[in-house]
Amino acid sequence: MSGIDPPFAQPIRKTTLPYGQQWLDEEDIAAVVEVLRGDFITQGPTIQAFESKVAEYVGAKYAVAFTNGTAALHGACFAAEIGPGDEVITTPNTFLASSNCVLYQGGIPVFADIDMDTYNIDPVQVEQKITDKTKAIIAVDFSGQPVEIDRLSMISRDNNLVLIQDAAHSLGATYKEIKVGAWADMTMFSFHPVKHITTGEGGIIVTNSEYYFHRLQMFRSHGMTKEPDKMIKNDGPWYYEMQELGCNYRMTDMQAALGVSQMGKLDSFVNRRREIAERYNRELAGIQGLILPYQQEESNSSWHLYVTRWLPEVLKGTRREWFDALRQLNIGVHVHYIPVYTQPYYQKLGYESGLCPNAETYYNTAITLPLYPKMSDQDVTDVIRSVRWVVSEFSK
Ligand SMILES: *Cc1c(COP(=O)(O)O)cnc(C)c1O
């Protein structure tokens with residue numbers, strides 16, 4: 001039973017509206033072309049220009065750019081000296097990368113359940129998962145709403161843990177008026193095309209710690225240094241020294257040039273995202289069976305995702321049917337996220353279903369609506385009309 005009768009099953013629009021997409025203009029393209037015409041297409045000066053821009057924007061001292069956000073998280077785990085047997089507490093309601101980075105270092109991801117209002121990691125659950133093997137917390141600002149950074153910082157300090165913030169969703173967001181990136185020991189941003197700004201693939205770690213800064217730089221480039229004052233020995237001007245096992249995770253100057261250009265547009269992108277979210281909040285309010293995203297007073301989200309929950313107690317049918325109905329109308333809805341530990345790879349490692357009941361309940365009822373700055377007002381109207389229509393079709 002699809003619940004959709006023929007005249008209404010027609011798409012509400014000609015093309016499918018994706019859930020997220022980049023916004024590039026001629027200025028961005030020209031910035032990349034300029035680098036292509038220059039001397040350095042990688043390991044040139046544009047990387048540092050991009051790093052400085054991001055660090056300055058978020059209010060952090062240092063930044064190290066990486067090939068992508070996942071590599072950046074790997075770098076953060078290396079910098080934090082996560083090793084075999086070390087436990088790292090993270091959320092199940094995230095993309096795979098937030099916990100895979102722990103596995104890369106031989107560490108053990110420990111999943112703490114989420115808060116059912118914000119869908120962010122619950123600080124109380126975090127405290128309960130701390131053991132004498134816990135080394136770090138990787139907190140994810142789900143959908144763009146920052147985690148409770150003050151509480152998590154306090155927990156980290158009291159237990160001697162490194163606090164890593166996966167802020168792939170929250171570039172431009174603030175918590176208690178402070179920008180995300182200025183607070184945790186290390187904060188990661190991703191520049192994948194669905195995120196706030198893009199470099200194609202790309203990621204960055206920002207930090208206020210000189211120690212982490214140097215470790216991140218070494219890790220990004222084979223664990224080697226060319227700085228004479230950091231070398232153990234020195235054979236001559238040609239000499240480079242490998243002191244740690246690193247990777248080649250360097251961003252190119254072409255990507256960095258795109259990043260610099262996109263950074264100039266970040267505030268307008270975030271404002272547009274907030275505008276669209278406000279329209280959803282206003283025009284979808286009060287619909288029976290539909291839960292809109294709750295926002296804490298302390299946080300000002302940068303709205304990477306607009307997630308809704310659809311209540312089976314109130315609506316007929318299943319999430320799959322509501323989802324399919326929206327897709328049939330050409331609204332490119334999505335679902336974020338499958339609890340990481342329910343993935344076959346994690347199950348093989350011994351994680352069991354049922355571990356984080358809130359994350360599982362959330363996942364089973366969640367639908368993400370399209371949200372990106374390039375959406376037109378008409379696109380937003382299409383989404384609102386479609387959601388209203390599907391809910392009314394399935395209301396009991
Ligand atoms: C996008 C994303 C990442 C990984 O970033 P990539 O640049 O795609 O490697 C990590 N964590 C979260 C929560 C993300 O959304």
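Order of appearance sets the numbers: ligands from 1, and atoms from 1 within every ligand. Everything quoted here is computed from the prediction, not taken from an experiment.
- In summary, the atoms of ligand 1 found under 4.0 Å from a heavy atom of Gly202, numbered by their order in the structure, are 7 (O).
- Close approach of ligand 1 to Thr94 is summarised as follows: ligand atoms under 4.0 Å from at least one heavy atom of the residue are 13 (C).
- Donor-acceptor pairing under 3.5 Å is recorded for the side chains of Tyr341 and Glu360.
- Under a cutoff of 6.0 Å and an axis angle of 45°, Arg319 and Tyr363 form a cation-pi pair.
- Remark: Glu275 engages Arg272 in a salt bridge, criterion side-chain N to carboxylate O under 4.0 Å.
- Under 4.0 Å from ligand 1, the heavy atoms of Tyr337 that appear belong solely to its side chain.
- Of the protein's non-hydrogen atoms, Thr70 OG1, 3.6 Å is the one closest to atom 4 (C) of ligand 1.
- Figure legend: cation-pi geometry between Arg215 and Phe78, with NZ or CZ positioned under 6.0 Å from the six-membered ring centre and within 45° of its axis.
- Proximity of His304 to ligand 1, defined as any heavy-atom pair under 4.0 Å, is not found for any part of the residue.
- Between Glu51 and Arg220 there is a salt bridge, since at least one side-chain N of the basic residue sits less than 4.0 Å from a carboxylate O of the acidic one.
- Among His169, Met188, His192, the residue whose heavy atom lies nearest to atom 15 (O) of ligand 1 is His169.
- Nearest heavy-atom pair across Leu24 and Thr198 is CD2-CG2, 3.9 Å.
- The closest approach between Ala71 and ligand 1 stays at or above 4.0 Å for every heavy atom of the residue.
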Notebook entry, point to check: Are His196 and Phe269 close enough, and set up right, to give a ring-ring contact (aromatic ring centres under 6.0 Å, His included), and what steps lead you there?
Noted result: CA-CA 7 Å; His196 292 82; Phe269 287 170; 9.1 Å; no
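- Closest protein heavy atom to atom 11 (N) of ligand 1: Asp166 OD2, 2.7 Å.
- For atom 3 (C) of ligand 1, the closest heavy atom belonging to the protein is Lys195 NZ, 3.9 Å.
- An N or O contact shorter than 3.5 Å links Gly69 to ligand 1 by distance.
- Of the protein's non-hydrogen atoms, the one nearest atom 5 (O) of ligand 1 is Ser190 OG, 3.3 Å.
- For Phe50 and Phe191, the gap between ring centers is short of 6.0 Å.
- Look at Ser98 and you'll find a heavy atom under 4.0 Å from some atom of ligand 1.
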